Amino acid sequence: MKKLLSLGLILASFSAMAQEEIRVQQKEWALNNAMQPAFVVDVPQTTSKDAIALWEETLVPKNFFDTFKKLPKMEKEDKEKWVIRRVVVAEISPDTLDIYTRITSTKDRITFATLFDNNGSFIGAQSGSGTEKAQEYVHKYAAELYRQGVRNEVGELEKELRKMKSDYSGFDRDNKKMDRKSAGKQSDIDDLNHDLKGSKSILKSNMLSDGDNPSPLSGEANKTLNDDIKKTSNEIKKARKSVDKYDKKIDKNTSKQKLLLKDIENKEQEITKAQQKLENIK
């Protein structure tokens with residue numbers, strides 16, 4: 001029983017570790033010479049640009065009927081700060097809000113902080129449903145922002161995988177092409193060897209076959225035959241060099257394929273890991 005309990009605790013621990021948890025905290029933020037309650041969250045794998053674009057889209061969702069409406073816009077106050085005014089966020093409050101946002105970037109994540117100003121009264125100054133709703137709203141946004149970053153990662157990895165598989169198939173096509181060329185040259189070598197064997201046989205017998213009446217080779221015929229033998233021998237050497245070249249190219253492609261196959265397996269594992277991360281974002 002103790003062993004089963006210990007195993008259960010270990011599995012629960014691994015499950016918790018596997019989760020990519022987004023945690024929203026309340027921290028003080030100086031605004032207009034006063035400290036106000038901000039909702040702050042760290043989000044990995046994203047940028048300020050993507051974060052502010054999704055934040056505006058979340059705060060002011062657009063539909064077809066809004067095409068000709070003048071909707072609130074995110075205004076940049078300085079390098080890291082934005083504000084959007086007179087926005088109704090039904091999930092938090094029925095009143096219009098001025099929403100201040102600050103995003104600071106580090107190497108692998110951003111820190112997102114936002115204030116909800118309800119006519120000078122900041123949500124979060126006191127505990128209650130408004131604070132809980134705002135915290136839940138920011139959490140939902142931050143989790144989706146993280147998912148967006150991981151989806152982009154998966155997309156890039158899948159793009160790289162498609163390129164690798166295309167390269168692998170390209171080596172296959174190239175090898176088949178080299179095989180055909182090598183086989184063609186080998187067939188030429190067989191034909192040339194047959195011709196060479198015949199020419200050498202005639203030269204050895206010193207007799208030129210002419211129907212049923214073979215005749216001795218003349219000096220001119222002997223010279224021509226020797227020239228043909230030399231030419232044929234050179235053509236055989238040239239064809240063999242081509243065969244060697246094609247075979248070396250096939251070997252080189254095959255070696256590259258072996259390395260590429262390992263890279264493909266690693267990339268597939270990366271994709272699986274990223275997809276699991278996507279599923280575990282909470």
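The shown structure was predicted, so the numbers you read here are calculated from the model rather than taken from an experiment. Heavy-atom basis, side chains included; hydrogens, waters and symmetry copies ignored. This chain uses plain numbering: 1 for the first residue, then up along the sequence.
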Problem - Minimal non-hydrogen separation, Val88 against Ser93, with atom names - result: CG1-O, 4.1 Å
Handout entry: Contact summary for Ser48 and Ser105, nearest pair of heavy atoms
Key = OG-OG, 2.8 Å
Exercise for the section: Would you tell me whether Gln45 and Asn152 have side-chain atoms, one donor and one acceptor, within less than 3.5 Å of each other? Expected result: no
Practice task
Kindly say whether Ser121 contributes a backbone atom to a donor-acceptor pair with the side chain of Asn118 at under 3.5 angstrom?
Solution key: no
Completion exercise
Taken to the nearest 0.5 Å, the spacing of Leu260 CG from Lys163 NZ works out to 9.0 Å
Handout entry: 4.5 Å side-chain heavy-atom contact, Lys267 and Leu157
Key = yes
Handout entry: Inter-residue atom distance Asn193.CG - Ser233.OG, 0.5 Å rounding
Key = 8.5 Å
Exercise for the section: Identify whether Met35 and Phe122 are in the same connected component of the hydrophobic contact network (ILVMFWY, side-chain heavy atoms under 4.5 Å). Expected result: no
Problem - Heavy-atom check, side chain of Pro44 versus side chain of Asp108, under 4.5 Å - result: no
Practice task
Taking the side chain as every heavy atom from C-beta outward, state whether Asn266 and Gln269 have any pair of such atoms under 4.5 Å apart.
Solution key: yes
Problem - Path from Leu261 to Ile250 over hydrophobic side-chain contacts below 4.5 Å - result: no
Handout entry: Glu91/Lys140 ion pair, N-O < 4.0 Å
Key = no
Problem - ILVMFWY network linking Val83 to Val87, side-chain heavy atoms under 4.5 angstrom - result: no
Practice task
If the plane angle is over 60° it's perpendicular, under 30° parallel, otherwise tilted; pick one for Phe112 and Trp55.
Solution key: perpendicular
Exercise for the section: Using a 4.5 Å cut-off on heavy atoms from C-beta on, say whether the side chain of Thr104 contacts that of Thr106. Expected result: no
Practice task
Please confirm whether the backbone N or O of Met178 pairs with a side-chain atom of Ser182, one donor and one acceptor, at under 3.5 Å?
Solution key: no
Problem - Spatial distance of atom CH2 (Trp29) from atom CD (Gln36) [nearest 0.5 Å] - result: 10.5 Å
Handout entry: Connected via hydrophobic side-chain network under 4.5 Å: Val89 and Tyr100
Key = no
Handout entry: Non-hydrogen atoms of Tyr146 and Ile22 that approach each other most closely
Key = CD2-CD1, 3.7 Å
Exercise for the section: For residues Val60 and Pro72, report the shortest heavy-atom separation together with the two atoms involved. Expected result: CG2-O, 4.0 Å
Problem - Test log, rule side-chain contact (heavy atoms from CB on, under 4.5 Å), inputs Val24 and Tyr137 - result: CA-CA 10 Å; Val24 180; Tyr137 187 82; over 6 Å; no
Completion exercise
For Ala134 and Ile123 the tightest heavy-atom approach is CB-CG2, 3.9 Å
Problem - Single-linkage hydrophobic cluster, 4.5 Å side-chain cutoff, Ile52 and Leu115 together - result: no
Handout entry: Side-chain ion pair, Arg151 and Glu158, N-O less than 4.0 Å
Key = no
Exercise for the section: Go through Leu31 and Asp117 one step at a time and tell me if the side-chain contact (heavy atoms from CB on, under 4.5 Å) criterion holds. Expected result: CA-CA 11 Å; Leu31 182 69; Asp117 180 2; 5.7 Å; no
Handout entry: Separation of Asp195 CG from Asp190 CG (nearest 0.5 Å)
Key = 11.0 Å
Exercise for the section: Let me see the working for Thr47 and Ile110 under side-chain contact (heavy atoms from CB on, under 4.5 Å), right down to the final yes or no. Expected result: CA-CA 7 Å; Thr47 63; Ile110 63 156; 5.6 Å; no
Exercise for the section: Drop me the distance from Thr58's OG1 to Leu145's CG, to the nearest 0.5 angstrom. Expected result: 8.5 Å
Problem - Exam field: side chain Ser201 to backbone Lys197, donor-acceptor pair closer than 3.5 Å - result: no
Fill in the blank from the handout: Minimal heavy-atom distance between Ile92 and Gly130, with the atoms involved, is CG2-O, 4.3 Å
Problem - Flag side-chain contact, heavy atom, 4.5 Å: Thr272 against Gln276 - result: yes
Handout entry: Glu268: which of Lys273, Lys165, Arg162 passes salt bridge (Lys or Arg N to Asp or Glu O under 4.0 Å)
Key = Lys165
Problem - Whether over 12 other heavy atoms sit under 6.0 Å from Glu136 CD - result: no
Problem - Where at least one partner belongs to residues 241-254, residue pairs that pass side-chain hydrogen bond (donor to acceptor under 3.5 Å, both in side chains), sequence neighbours excluded - result: Asp174-Lys249, Asp174-Asn253, Asn175-Asn253
Exercise for the section: Check each of Glu270, Gln275, Lys159 against Val154 using the side chain to side chain contact (heavy atoms under 4.5 Å, CB included) test, and report the only one that passes. Expected result: Gln275
Exercise for the section: Would you give the length of the straight line joining atom CD of Glu56 to atom CH2 of Trp82, rounded to the nearest 0.5 angstrom? Expected result: 11.5 Å
Exercise for the section: Sequence neighbours left out, what passes ring-ring contact (aromatic ring centres under 6.0 Å, His included) with Phe39? Give chain and number order. Expected result: Phe116
Exercise for the section: Begin with the C-alpha distance, continue with both residues' side-chain angles, and end with the deciding distance and a verdict on salt bridge (charged side-chain N to carboxylate O under 4.0 Å, His left out) for Asp172 and Lys176. Expected result: CA-CA 6 Å; Asp172 266 340; Lys176 288 176 182 177; over 6 Å; no
Practice task
Report the C-alpha distance between Asp188 and Lys185 in whole Å, list the side-chain angles of each, state the deciding distance to 0.1 Å, and finish with yes or no for side-chain contact (heavy atoms from CB on, under 4.5 Å).
Solution key: CA-CA 5 Å; Asp188 291 343; Lys185 287 296 180 182; 4.1 Å; yes
